Amino acid sequence: MGHRRNHAKGICFTGTFEANGNGSELSRAQVFVAGQYPVVGRFNLATPNPNAADAMVRVRGIGIRITPPNGQEWRSAMIDAPIFPVSTVQDFYDLQMASSSKEPDAMKNFIAAHPEFTTFLGWAKSAPWTGSYAEERYNSLNSFVFIDNSGAKHTVRWSLVPAAQPVSILPDELAKRGPDFLDQEITQRVASSPQRWSVVVTLSNPGDPTADPNKAWPVDRRTVDVGTLTVQQIEPEADGPCRDINYDPTVLPAGITTSDDPFPSARSAAYSRSYNSRTAEEKYYPRNATGGKQ
Ligand code: HEM
């Protein structure tokens with residue numbers, strides 16, 4: 001009770017986004033004007049179970065809220081998978097139904113009807129695991145539109161590319177660590193030095209699949225490094241500054257809008273419902289940071 005309905009396990013942080021000014025070529029949002037802006041973010045695991053063991057959850061995510069001086073926030077929630085499991089919002093709903101079904105063949109039938117899901121399974125089976133949130137690359141997967149000062153539009157996706165060198169660790173090895181090793185590791189790591197990511201924007205070419213997050217764009221697409229996210233301090237999850245933030249991907253500054261990708265508006269509706277439910281359950285939410293499982 002009181003937890004996010006998905007990505008329920010996580011840990012909050014504060015830091016900064018330092019824009020280098022390069023993004024201003026693509027978007028007139030103030031967040032891209034060279035300068036340093038505060039961030040409240042949250043590392044998380046893609047599971048509805050707030051007590052899941054870290055080694056059991058394949059997909060890791062991050063939510064960030066960047067607030068420039070004009071108050072026009074850029075919120076984004078990204079995951080470490082390079083593609084989304086399915087192509088459409090309805091298919092994602094059907095996947096939730098299949099994966100929680102008691103019918104023994106539910107997943108088998110879902111996979112047979114959704115060949116695109118096997119691309120994701122291929123990643124899930126073959127991609128190396130790391131021992132740290134700091135070593136992950138996080139991807140928007142959904143596309144958005146940047147509007148520049150001349151009014152021209154650019155359809156883009158973005159990623160956070162870690163400064164830390166990823167060290168791959170076998171899942172069996174991770175399973176031997178404690179159930180909360182990711183929280184412990186990132187807490188120690190950030191206490192000893194701030195952790196950084198480049199914020200990299202990828203531009204689509206005409207004809208690229210902008211409405212389907214299950215389809216990667218060709219690797220030769222132009223990218224622009226727009227600045228650096230620095231995680232400076234780990235904050236309490238239970239009663240820290242992330243608790244009452246909804247990392248709704250449609251909360252965007254003037255200069256960024258949604259695209260023909262239907263996911264962000266569906267996500268906005270789902271996140272709002274989750275937010276309303278969890279904030280209405282406040283009395284069950286563990287308020288003391290040491291109060292056991294969150
Ligand atoms: C229709 C598709 C989707 C649905 C229904 C959905 C649903 C949800 C829900 C209900 C939450 C909890 C929100 C809250 O209480 O604050 C959530 C969180 C999250 N989702 Fe999604 N999601 C979808 C697609 C995606 C995609 C495409 C991504 C990333 C590329 C993503 C990444 C995340 C992340 C990182 C969080 C955690 C944010 C936080 O820390 O508060 N989701 N999602």
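Whatever order the structure lists them in is the order used to number ligands and atoms, beginning at 1. Just so we're clear, the structure is a prediction, and the values are computed from it rather than from any experiment.
If you number the atoms of ligand 1 from 1 as listed, the ones under 4.0 Å from a heavy atom of Arg278 come out as 14 (C), 15 (O), 16 (O). Atoms of ligand 1 found under 4.0 Å from any heavy atom of Ile62 (numbered from 1 in listed order, with element): 35 (C). For ligand 1, the atoms closer than 4.0 angstrom to any heavy atom of Phe84 are 24 (C), 25 (C), 26 (C), 27 (C). Near Asn139, the atoms of ligand 1 lying under 4.0 angstrom from a non-hydrogen atom of the residue are 30 (C). The contact set between ligand 1 and Arg42, taken as ligand atoms under 4.0 Å from a residue heavy atom, comprises 39 (C), 40 (O), 41 (O). Atoms of ligand 1 lying under 4.0 Å from at least one heavy atom of Asn142, given by number and element, are 27 (C). Those atoms of ligand 1 with a heavy atom of Leu141 less than 4.0 angstrom away are 30 (C). Listed by atom number, the atoms of ligand 1 under 4.0 Å from Tyr247 heavy atoms are 39 (C), 40 (O), 41 (O).
You'll find the side chain of Arg75 stays beyond 4.5 Å of the side chain of Pro249, heavy atoms only. A 4.5 Å side-chain heavy-atom check between Phe146 and Val201 finds at least one atom pair inside the cut-off. Between Phe84 and Phe92 the shortest side-chain heavy-atom distance falls below 4.5 Å. Counting heavy atoms from C-beta on, the side chains of Thr250 and Tyr271 never come closer than 4.5 Å. Between Trp217 and Pro209, the closest side-chain pair of non-hydrogen atoms falls below 4.5 Å. In this structure the side chain of Leu26 reaches within 4.5 angstrom of the side chain of Val224, judged on heavy atoms. No side-chain heavy atom of Phe144 sits under 4.5 Å from any side-chain heavy atom of Thr155. In this structure, the side chains of Ile66 and Pro253 stay at 4.5 Å or more apart for every pair of heavy atoms.
For the residues Arg4, Gln90, Glu237, the heavy atom positioned nearest atom 39 (C) of ligand 1 is part of Arg4. Across Ser76, Ser140, Ser265, heavy-atom proximity to atom 30 (C) of ligand 1 is greatest for Ser140.
Under a 3.5 Å cut-off, the side chain of Thr118 and the backbone N or O of Leu121 do not form any donor-acceptor pair. Judged purely by atom type and a 3.5 angstrom limit, Ser143 has no side-chain atom pairing as donor or acceptor with the backbone of Asp261. Formation of a donor-acceptor pair under 3.5 Å by the Ser140 side chain with backbone atoms of Trp158 is found in this model.
The proximity of Arg273 to ligand 1, defined as any non-hydrogen pair under 4.0 Å, does not occur for either the backbone or the side chain.
The shortest N or O to N or O distance between Arg5 and ligand 1 is not below 3.5 Å. Checked by distance only, ligand 1 and Asn246 stay at 3.5 Å or farther apart across all their nitrogen or oxygen atoms. By the 3.5 Å distance cut-off applied to N or O atoms, Ser274 is counted among the residues near ligand 1.
Only protein atoms were considered; those of element N, O or S under 2.8 Å from atom 21 (Fe) of ligand 1 number 1.
Looking only at heavy atoms of the protein, atom 1 (C) of ligand 1 is closest to Phe263 CD2, 3.7 Å. For atom 35 (C) of ligand 1, the closest heavy atom belonging to the protein is Met78 O, 3.4 Å. Distance from atom 2 (C) of ligand 1 to its nearest protein heavy atom, with residue and atom name: Phe92 CD2, 3.3 Å.
Partner of Thr14 under the side-chain hydrogen bond (donor to acceptor under 3.5 Å, both in side chains) criterion, out of Gln232, Gln233, Glu235: Glu235 alone.
Salt-bridge formation is not detected for the pair Glu281/Arg243: no Lys NZ or Arg NE/NH1/NH2 atom is positioned less than 4.0 Å from an Asp or Glu carboxylate oxygen. The pair Lys215-Asp208 fails the salt-bridge criterion, with no side-chain N (NZ, NE, NH1 or NH2) lying under 4.0 Å from an Asp/Glu carboxylate O.
For the pair Arg58 and Trp129, the cation sits on the ring face: its NZ or CZ lies under 6.0 Å from the ring centre, inside 45° of the axis.
Residue-ligand proximity: Asp248 is placed with every non-hydrogen atom at 4.0 Å or more from ligand 1.
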